[in-house]
Protein chains: 2
Amino acid sequence: MLKQKITLKHIAKELDVSISTVSKALKNSEEISRDTKDRIQAFAKLYNYKPNNIAISLKNKRTKNIGVIIPDIVHHFFTTVVRGIEKYANAQGYNVIVCLSDESFDKEVINMEMLANGSIDGFIMSLSAGTEKKKDFNHLKEVTEQGIPLVLFDRVTNEIRCDKVVIDDILGAYLATEKLLKEGRKKIALLTTEDFFSVSKNRNLGYEKALRDFGLVVEEKYILRLPFMDIDEDKISDFLNSIVPDAVLSVNEIFGIHCMRVLQRKGLKVPEDVSIIGFTDGLLARHANPSITSIAQHGEKMGETAARMLIERVEREDESNYRTEIIQPTIITRESTLNF
Amino acid sequence: MLKQKITLKHIAKELDVSISTVSKALKNSEEISRDTKDRIQAFAKLYNYKPNNIAISLKNKRTKNIGVIIPDIVHHFFTTVVRGIEKYANAQGYNVIVCLSDESFDKEVINMEMLANGSIDGFIMSLSAGTEKKKDFNHLKEVTEQGIPLVLFDRVTNEIRCDKVVIDDILGAYLATEKLLKEGRKKIALLTTEDFFSVSKNRNLGYEKALRDFGLVVEEKYILRLPFMDIDEDKISDFLNSIVPDAVLSVNEIFGIHCMRVLQRKGLKVPEDVSIIGFTDGLLARHANPSITSIAQHGEKMGETAARMLIERVEREDESNYRTEIIQPTIITRESTLNF
DNA sequence: TATCAACACGAAACCGTTTTCGAAGCTTTG
DNA sequence: CAAAGCTTCGAAAACGGTTTCGTGTTGATA
């Protein structure tokens, strides 16, 4: 009952030819006579022969696997990136091995080591919070020094020379802030995280730049820095008691939506009294009531781009001209802003 | 500059011993003298030797890779399952190769074939919508006949004999409906999809059973069947014009949250006028305003369970006693119900 | 001193392919 | 008719490991 996988050796023995002949016949080599090829190919089809991937990988030192290491998978943005990677990679005949670092430096290192010993042809990754805090990139350095191609996306570092894909976070925040300013908003609050995230830092910069460009000053009291991934409506509530903004820019979806909840409970109307724009065009923004105007990061495009850069490098195998592709964010207008 | 990966052969030549000696020394074999082992191990450590995964896979016909095929990754439930699989698998030294079927039968088949030729030790999958509609499971049959272990989760079929993990959807819907009834609700609407999804069908059954147990009749006019993955607030609005429910049970998060939006725009208050319970305890339910009472499907536990069942079977390699583990759903009480 | 076990190591097969090279057997050519 | 050239195939090495089995050396024992 257990149909054992058939190998070249089996076919060779059965048809009384050599393994090499079978191999060549199945590749339609000119070396083999029409007759023999027909016999072998028919037999192979009958028994549904498929070459063993592992053996092929060992032979040509190519696995056709891509290793993807992301901090978290229960996260809309990363999920869209993975989808983009998957689509492009699959179309090129590559498989995607996904590992989660769980925002931990140690897990990131372990995962890289697990995959770096032949399992994959290259890495696509976004740094864990732990790594960004620690600023230790030796595991990345080791991998690139071994000649394994690496593409960093979103959470990147200048310490490593490799291909990168980022979005222009400064521009994104600028666009958002500009839109709020053009609606006539003057007291624009910023909900952000601690600064060690490269993305948050850049978003803060864009916000500040827009304010200054419009002749306003950046006031620290309008900025609320919340701990990463911690949703504490009380802190937001306290913040909104200390100042009364007429608009809010949030560097992520979660902070934005909870800010809206707090505002609504204080009896304020969105967008009549307060406009809200949030980063990340995810499910929450789309389905909230009112739906939230967002800065789209185009994760799927980012994933596709990263996969394209990686596969190109894997197949060209040169190690020069590292590029950084910059994805342009766009603003998606929804109900949480005035939109005239 | 390009540090080539070092192999047993390199070490052997450098230290003037045989490859077998190196291999044994690195495994601390008793056969090799303390002296030689020390030399070899020191050298290996110095040059950071790591055995090549592919070679090992070829030798022991074990890849330590698990293939996961899911319909979509930008979907909170599947994402939590993947996380559960990843955690358990990683802890056991396995890697996870994720493939997306995109709800398409053809892609599901292609993905399985790509992985079935040696790349993985076993499959964990949830059927695509296309496959459930087509009722063609030959690709699954082929794989199991080859002796490749398979675990189905959530969207499963009776046609295939293998391990399965499902949640008790009937119970979940029953619990939800029961809660609404106990709140005194009498006119409970059901938002569901077409019947070919095994999950939706069971949820409908649970809803109907609860109504009957409480002496109510199931009225078709209280049931709205929406196309899969299509969010059309107008249809919901029309539905809510034709009947006036005092509670709504939605078989997924999206329908539920949009139903709430429509109700709110009609001036109805949730939960004062209408209670809402939705399946899938995802981001939307958690962060909505008001937050939505949900049936938690415990995706992470499901993933863990599936991974455990698969790895056990891979490592025991027997082919009997297929089990179906049933995850118990639980109700998570939030703001969209009365909760007394 | 001859015998034998223990020790330490190497040769070789094997996993399933690909690919180079050599060598038959046949046909063509001068 | 001999040399050359095709056609068609097989042997063997290679990828990087693991593992079985054999063997030479050493020291102990009778």
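Here is how names work: the chains are called A, B, and so on, in the same order as the sequence lines, proteins then strands, and each is numbered from 1.
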> Separation of A:Lys13 atom NZ from D:dG10 atom P, in whole Å?
Replying inline: 15 Å
>> What is the distance, to the nearest angstrom, from the CD1 atom on A:Ile19 to the P atom on C:dC14?
In response: 11 Å
> Do NZ/NE/NH1/NH2 and the carboxylate oxygens of A:Asp38 and A:Arg34 come within less than 4.0 Å?
Replying inline: yes
> Side chain of A:Lys24: nearest nucleotide among D:dT18, D:dA11, C:dT18?
Replying inline: D:dA11
> Is it true that B:Arg323 and B:Glu325 make a salt bridge, defined as a side-chain N closer than 4.0 Å to a carboxylate O?
Replying inline: yes
>> Rounding to an integer number of Å, can you tell me how far A:Arg62 CZ sits from C:dG16 P?
In response: 24 Å
> Hey, does the side chain of B:Arg308 reach the backbone of B:Ile85 with a donor-acceptor pair shorter than 3.5 angstrom?
Replying inline: no
> What nucleic acid atoms does B:Ser20 come within less than 4.0 Å of, heavy atoms only: base, sugar-phosphate, or nothing?
Replying inline: base
> Counting side-chain heavy atoms from C-beta on, which of D:dT8, D:dT18, C:dG10 comes nearest to B:Leu8?
Replying inline: D:dT18
>> So if I take residues 51-61 of chain A and measure heavy-atom distances to DNA chain D, which residues fall below 4.0 Å?
In response: A:Leu58, A:Lys59, A:Lys61
>> Below the 4.0 Å mark, does C:dC9 have OP1 or OP2 next to a side-chain nitrogen or oxygen of B:Thr21?
In response: no
>> Could you tell me how far apart B:Ile6 (CD1) and D:dG16 (P) are, to the nearest whole angstrom?
In response: 12 Å
> Quick one: B:Ile40 CD1 to D:dG17 P, roughly how many Å, whole number?
Replying inline: 14 Å
> Could B:Glu300 and B:Lys87 be called an ion pair, given the rule that one side-chain N must be under 4.0 Å from one carboxylate O?
Replying inline: yes
>> If I take atom CZ in residue A:Arg39 and atom P in nucleotide D:dT8, what distance separates them, rounded to the nearest angstrom?
In response: 14 Å
> Can you find a side chain N or O atom of A:Ser18 that sits less than 4.0 Å from OP1 or OP2 on D:dC9?
Replying inline: no
> Starting at CG of B:Asp16 and ending at C1' of C:dA8, how long is that distance when rounded to a whole Å?
Replying inline: 15 Å
>> Under 4.0 Å from OP1 or OP2 of C:dG16: is there any side-chain N or O of A:Tyr49 that close?
In response: no
> Within the structure shown, what part of the strands sits under 4.0 Å from B:Ser33 by heavy-atom distance: base, sugar-phosphate, or nothing?
Replying inline: sugar-phosphate
> Which residue pairs satisfy the ring-ring contact (aromatic ring centres under 6.0 Å, His included) criterion with at least one member in residues 44-72 of chain B, sequence neighbours excluded?
Replying inline: B:Phe43-B:Tyr47
>> Between P on C:dG16 and CG on A:Leu26, what's the gap in Å once rounded to a whole number?
In response: 16 Å
> Are the charged groups of A:Asp121 and A:Lys61 less than 4.0 angstrom apart, N to O?
Replying inline: no
> Ion pair present between A:Glu103 and A:Arg155, side-chain N to carboxylate O less than 4.0 angstrom?
Replying inline: yes
